[in-house]
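Worksheet: the structure to be examined is printed underneath.
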Amino acid sequence: MSTYTVTDTKKVTTKRIAEMKRSGEKIAMLTSYDFTLATLLDDAGVDIILVGDSASNIMQGNYTTIPITLDEMIVYGRSVARAAKRAMVLVDMPFGTYQGDPFVAQRNAVRIMQETGADGVKLEGGAEVAESIKMILRAGIPVCGHLGLTPQSVYKFGSFALRADEEAEAQKLIEDAQLLQELGCFILVLEKIPAVLAARVSDMLSIPTIGIGAGAGTGGQVLVLHDMLGLNRGFKPKFLRHYDNLGDQIVDSVGRYIIDVKNGAFPSEAEQY
Ligand code: KIV
């Protein structure tokens with residue numbers, strides 16, 4: 001049973017996120033892709049719900065985040081935004097929707113905002129996507145940056161391994177983080193980089209950082225909900241903490257249902273009309 005209670009139900013805005021950085025309050029972010037689970041996250045008091053393109057893996061069974069489309073992200077985003085009363089909702093811009101023409105990037109971000117009701121977008125990369133970020137911000141859309149392991153570039157990296165553990169890449173990450181702040185990103189996700197580097201970047205910036213596999217020195221944490229609930233049985237990277245083992249529990253519940261159906265124990269008289 002959780003002992004965490006939400007004391008204030010005011011909507012989480014970019015202004016509040018900035019205040020949380022100033023006051024040192026850690027930001028709790030989790031992913032969701034559907035109305036039912038997003039309702040539970042909002043009831044529990046999570047600050048930000050990320051409609052991550054990890055939906056490609058979690059909802060669609062793809063190996064990477066590359067195949068998911070803008071239209072699909074919009075369906076997930078709209079379902080989550082309908083559920084979130086307090087939490088801020090950010091939607092990932094999927095692969096190919098912002099890396100080219102900045103005007104196209106802006107149009108795609110506008111579609112996300114208009115068609116989902118989300119509060120902002122997240123996109124991966126630093127200097128190479130600066131022009132797109134500028135154009136999206138020019139439309140008044142809040143942007144969350146994402147550096148370190150950026151899964152849309154997995155084929156460039158060659159694996160999902162730790163990033164920026166060598167000096168040159170760490171230096172580029174520091175410069176990109178500074179640039180994203182200067183451009184106007186209001187928050188920055190740091191994925192799978194050394195904890196010392198993440199803490200250094202977090203201290204250097206006036207916008208908050210959110211870590212995943214980046215240690216405790218960031219302004220908050222994000223996990224994929226299905227991973228932290230243990231729904232992805234067998235997925236156990238070092239950075240992940242399992243808060244439940246719902247995968248095992250579901251298999252057990254379904255097993256008991258099957259037995260009841262097979263031996264006629266369900267439905268009982270009380271469960272029929
Ligand atoms: O897509 C996603 O879920 C993400 C988080 C892991 C940060 O980008």
Side-chain angles (χ1 to χ4, degrees), residues 17 26-34 37-38 41 46-70 72-77 79-80 84 87-99 109 112 116 118-126 129 142-154 157 160-164 173 176-177 180 185-193 198 201-202 207-215 218-229 231-232 235-243:
I17 293 293
K26 296 268 189 181
I27 300 163
M29 184 194 278
L30 282 170
T31 63
S32 183
Y33 323 106
D34 72 287
L37 290 178
L41 296 191
V46 75
D47 298 307
I48 303 178
I49 303 178
L50 172 65
V51 186
D53 60 355
S54 51
S56 177
N57 315 96
I58 301 291
M59 303 302 283
Q60 304 184 353
N62 296 311
Y63 178 59
T64 72
T65 55
I66 308 277
I68 200 162
T69 66
L70 182 60
E72 290 167 340
M73 287 302 298
I74 286 174
V75 173
Y76 296 128
S79 311
V80 169
M88 166 180 279
V89 176
L90 298 179
V91 176
D92 255 336
M93 296 193 71
F95 178 67
T97 63
Y98 60 91
Q99 290 93 342
I112 289 176
T116 68
D119 302 297
V121 298
K122 175 167 87 56
L123 53 81
E124 299 179 3
V129 291
V143 176
C144 169
H146 183 159
L147 297 173
L149 175 61
T150 46
Q152 292 176 15
S153 303
V154 64
F157 298 147
F160 291 102
L162 183 74
R163 302 307 313 173
L173 188 142
D176 278 341
L180 292 181
C185 291
F186 78 103
I187 195 165
L188 172 62
V189 168
L190 297 173
E191 179 164 354
K192 219 167 176 188
I193 62 172
V201 170
S202 304
I207 58 170
T209 57
I210 303 288
I212 173 164
T218 53
Q221 297 292 327
V222 56
L223 284 175
V224 170
L225 181 68
H226 291 61
D227 297 344
M228 62 87 89
L229 293 179
L231 283 161
N232 267 340
F235 184 63
K236 293 175 183 161
K238 180 176 173 176
F239 67 81
L240 176 63
R241 184 177 297 178
H242 279 133
Y243 283 83

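As the structure lists them, so they are numbered: ligands from 1, and atoms in each ligand from 1. Owing to the predicted nature of the structure, the values given are computational and were not obtained by experimental measurement. For this chain, numbers begin at 1 and follow the sequence in order.
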Interatomic distance, Ile210 atom CD1 to Thr218 atom OG1 [nearest 0.5 angstrom]: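 One gets 7.0 Å once the value is rounded to the nearest 0.5 Å.
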Distance (rounded to the nearest 0.5 Å) between Asp227 CG and His242 NE2: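 Reported to 0.5 Å precision, the distance equals 6.5 Å.
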4.0 Å heavy-atom contact, His146 with ligand 1: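 Under 4.0 Å: yes for His146.
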Taking only heavy atoms of [X] into account, list the atoms of ligand 1 that are under 4.0 Å away from them.
X: Gly52; answer: 1 (O), 2 (C), 3 (O)
X: Asp92; answer: 1 (O), 2 (C), 8 (O)
X: Thr31; answer: 3 (O)

Within-cut-off N or O pair, Glu191 and ligand 1, under 3.5 Å: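 It does not: no N or O of Glu191 is found under 3.5 Å from an N or O of ligand 1.
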All ring pair (Phe, Tyr, Trp, His ring centres under 6.0 Å) counterparts of Tyr98, not counting sequence neighbours: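 Partners of Tyr98 by the ring pair (Phe, Tyr, Trp, His ring centres under 6.0 Å) criterion come out as none, since no residue qualifies.
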Positive for side-chain contact (heavy atoms from CB on, under 4.5 Å) with Leu30, one of Val222, Ile48, Leu41, Val224: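 Single pass found, and it is Leu41.
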Among all protein non-hydrogen atoms, which one is nearest to [atom], and what is the separation to 0.1 Å?
atom: atom 8 (O) of ligand 1; result: Lys122 NZ, 2.9 Å
atom: atom 4 (C) of ligand 1; result: Leu50 CD2, 3.6 Å
atom: atom 6 (C) of ligand 1; result: Ile212 CD1, 3.7 Å

side-chain hydrogen bond (donor to acceptor under 3.5 Å, both in side chains) assessment of Tyr33 paired with Ser54: CA-CA 9 Å; Tyr33 323 106; Ser54 51; 2.6 Å; yes
Per atom 1 (O) of ligand 1, closest listed option by heavy atom (Gly213, Ser32, Ser54):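 Minimum heavy-atom distance to atom 1 (O) of ligand 1 goes to Ser54.
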side-chain contact (heavy atoms from CB on, under 4.5 Å) assessment of Val121 paired with Val143: CA-CA 5 Å; Val121 298; Val143 176; 4.2 Å; yes
Passing candidate, ring-ring contact (aromatic ring centres under 6.0 Å, His included) with Phe160, options Phe235, Tyr63, Phe239: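 Testing each of Phe235, Tyr63, Phe239 against Phe160, the sole residue satisfying ring-ring contact (aromatic ring centres under 6.0 Å, His included) is Tyr63.
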